[in-house]
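In what follows, chains are A, B, ... by sequence order, proteins preceding strands, each numbered from 1.
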Protein chains: 2
Amino acid sequence: MNIDPVGLFIEDCKKHGLNVTYQRLAVFKVISKHKGHPSAEDIYREVLKEYPRISLATIYTTLETLSKYSIISKVTPLHDTARYDYDQEVHHHLICINCRKIIDIKYDEFDYLWLPDDLKQNFKVLNYKIQFEGICPQCQSKSNQQQET
Amino acid sequence: MNIDPVGLFIEDCKKHGLNVTYQRLAVFKVISKHKGHPSAEDIYREVLKEYPRISLATIYTTLETLSKYSIISKVTPLHDTARYDYDQEVHHHLICINCRKIIDIKYDEFDYLWLPDDLKQNFKVLNYKIQFEGICPQCQSKSNQQQET
DNA sequence: GTGGTTGCAAAAAGTTTGCAGGCTC
DNA sequence: GAGCCTGCAAACTTTTTGCAACCAC
């Protein structure tokens, strides 16, 4: 019944026990209307137009909170520090969302992904990487231990 | 004939006209031996053991230089700022390595990737994202214009 | 009213830059 | 020896934090 993103947003907040503040609404509106993938700074500049007193720190806190409850998502789970790799063979990555470890995986099946023609025609694809997000074995056993305690 | 990474490294440097310095060798050795995907800081700490006078700035410069010539690779092309997204539908991304724009793509073909059993058994996969890296149409036409000039 | 949120300012974390001196080729 | 490269320190950018004031419920 409710296909209004703002309505959904309010429901989501209530579901998770989050207060619906003007700031959160404003941040959410900007993200949901934005065509691309805005950074905190982008969002800040946009929200400022409507709420000139909002603080950048609030933007960060809000984004972190909303990501935590999956109301929005962080496109770049590993943005905080650059990571480097020597292995020049084609391979893909498992990223543990808990400990942020990256594990290499190589399966031939992933090396010949079919690319749609209209994609290839517009965008010059040089390579692709598949990022699997999840929980690594170590973190799985840790969280089990905690539940048992 | 030469499967020694260090030998290959020296060749690569010469090929690109880069001086082979102790610092670059040390950085390279750490990366090529490292099991995971070290950050600049990780590499710095490791290199310090052997060259206590190296500077963190040198590590950064070296990593940037080596990435530029594809001697090593940066696992996280978008690490510099966090990017957020409202779209909660499953979708994948095109990343323009030139202007760093992110473009959403949705093709059903990518939504049912086959996952190997041993992968699923060890790592609890929650979702996956395919990142296509390449050049967006705008940047392609820009670089064509430049070549013509 | 109460507890969750915000604004502010300051600090932390990560990265880049300018310049003088040093090292590779 | 020439020019590239490094160390140092300082600056810059992005993000986080502590605390008092404030607002949603």
Side-chain angles (χ1 to χ4, degrees), chain A residues 6-7 9-30 37-48 50-69 71-72 74-84 100, chain B residues 6 9-30 37-69 71-72 74-84 100:
Chain A
V6 174
F9 173 69
I10 295 174
E11 282 177 30
D12 273 341
C13 284
K14 292 190 175 163
K15 201 191 307 175
H16 296 292
L18 295 175
N19 286 350
V20 181
T21 62
Y22 282 107
Q23 293 87 340
R24 283 180 180 160
L25 262 173
V27 167
F28 177 77
K29 278 186 194 163
V30 170
H37 295 74
S39 65
E41 187 72 32
D42 294 335
I43 296 165
Y44 178 53
R45 274 196 299 270
E46 203 57 37
V47 173
L48 267 187
E50 215 173 335
Y51 298 97
R53 289 182 46 82
I54 201 168
S55 151
L56 181 56
T58 303
I59 305 284
Y60 275 104
T61 320
T62 304
L63 291 171
E64 224 32 61
T65 308
L66 300 185
S67 307
K68 186 172 149 196
Y69 293 106
I71 299 173
I72 62 174
K74 210 169 185 169
V75 180
T76 47
L78 293 169
H79 82 96
D80 52 355
T81 49
R83 308 275 200 107
Y84 299 86
R100 311 176 67 73
Chain B
V6 173
F9 173 69
I10 295 174
E11 282 177 30
D12 274 341
C13 284
K14 292 190 174 163
K15 200 190 309 171
H16 296 293
L18 294 174
N19 287 350
V20 181
T21 63
Y22 282 108
Q23 293 86 341
R24 284 180 179 162
L25 261 173
V27 167
F28 177 77
K29 278 186 195 164
V30 170
H37 295 74
S39 65
E41 187 72 32
D42 294 335
I43 296 165
Y44 178 53
R45 274 196 298 268
E46 204 57 38
V47 174
L48 267 187
K49 293 180 188 167
E50 216 173 333
Y51 299 97
R53 288 182 47 83
I54 202 169
S55 150
L56 182 55
T58 302
I59 306 283
Y60 275 105
T61 319
T62 304
L63 291 171
E64 222 34 60
T65 308
L66 300 184
S67 307
K68 186 172 150 196
Y69 294 106
I71 299 174
I72 61 172
K74 209 169 186 170
V75 180
T76 46
L78 293 168
H79 81 94
D80 53 354
T81 48
R83 308 275 200 105
Y84 299 86
R100 310 176 68 73

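Taking 4.0 angstrom as the limit, A:Tyr60 places a side-chain polar atom (N or O) nearer than this to OP1 or OP2 of D:dT15. A sub-4.0 Å separation between OP1 or OP2 of D:dT15 and a side-chain N or O of B:Thr81 is absent. Taking only side-chain nitrogens and oxygens, B:Thr58 comes nearer than 4.0 Å to OP1 or OP2 of D:dG7. Side-chain nitrogen and oxygen atoms of A:Gln23 include none within less than 4.0 Å of the OP1 or OP2 phosphate oxygen of D:dC23.
In this structure, the nucleotide among D:dC25, D:dT6, C:dT24 sitting nearest to the side chain of B:Tyr22 is C:dT24. Of the candidates C:dT15, C:dT6, D:dT6, C:dT15 carries the atom nearest the A:Ala82 side chain, counting heavy atoms from C-beta on.
Near DNA chain C, defined here as any heavy-atom distance below 4.0 Å, the residues from residues 40-57 of chain B are B:Leu56, B:Ala57, listed numerically.
Counting only heavy atoms from C-beta outward, the side chains of B:Ile10 and B:Cys13 never approach each other to under 4.5 Å. Side chains of B:His16 and B:Ile71 form a contact here, defined as non-hydrogen atoms less than 4.5 Å apart. Side-chain contact check for B:Glu41 versus A:Thr81: every heavy-atom pair is 4.5 Å or farther apart.
For the pair B:Ile59 CD1 and D:dC8 C1', the computed distance is 14 Å after rounding to whole Å. To the nearest angstrom, C1' of D:dC23 lies 8 Å from CG of A:Asn19. Taking atom NZ of residue A:Lys68 and atom P of nucleotide D:dT16, one finds them 13 Å apart after rounding to whole Å. In this entry the distance linking NZ of B:Lys15 with P of C:dC25 reads 16 Å, nearest Å. Going from atom CZ of B:Arg24 over to atom P of D:dG7 covers 11 Å, rounded to whole Å. In this structure, CG of B:Asp80 is placed 8 Å from P of D:dT15, rounded to the nearest angstrom. One can place OH of A:Tyr84 at 10 Å from C1' of C:dG14, the figure rounded to the nearest angstrom. Taking atom NZ on A:Lys74 and atom C1' on D:dT14, their separation rounds to 11 Å, with Å as the unit.
Atoms CD1 and NZ, from B:Ile43 and B:Lys29 in turn, are 15.0 Å apart once rounded to the nearest 0.5 Å.
Although no hydrogens or angles enter the test, the distance criterion places no donor-acceptor pair under 3.5 Å between the side chain of B:Asp12 and the main chain of B:Phe9. A:Thr62 places no side-chain N or O within 3.5 Å of a backbone atom of A:Arg24 that could act as its donor or acceptor partner.
Positionally, the nearest nucleotide of DNA chain C for A:Thr65 lies more toward the 5' end than for the other of B:Ser39 and A:Thr65. When each of B:Leu18 and A:Leu18 is assigned the nucleotide of DNA chain C with its nearest heavy atom, A:Leu18 is the one assigned upstream, toward the 5' end.
Listed here is the closest heavy atom pair of A:Tyr84 and B:Ile72: CD2-CD1, 3.9 Å.
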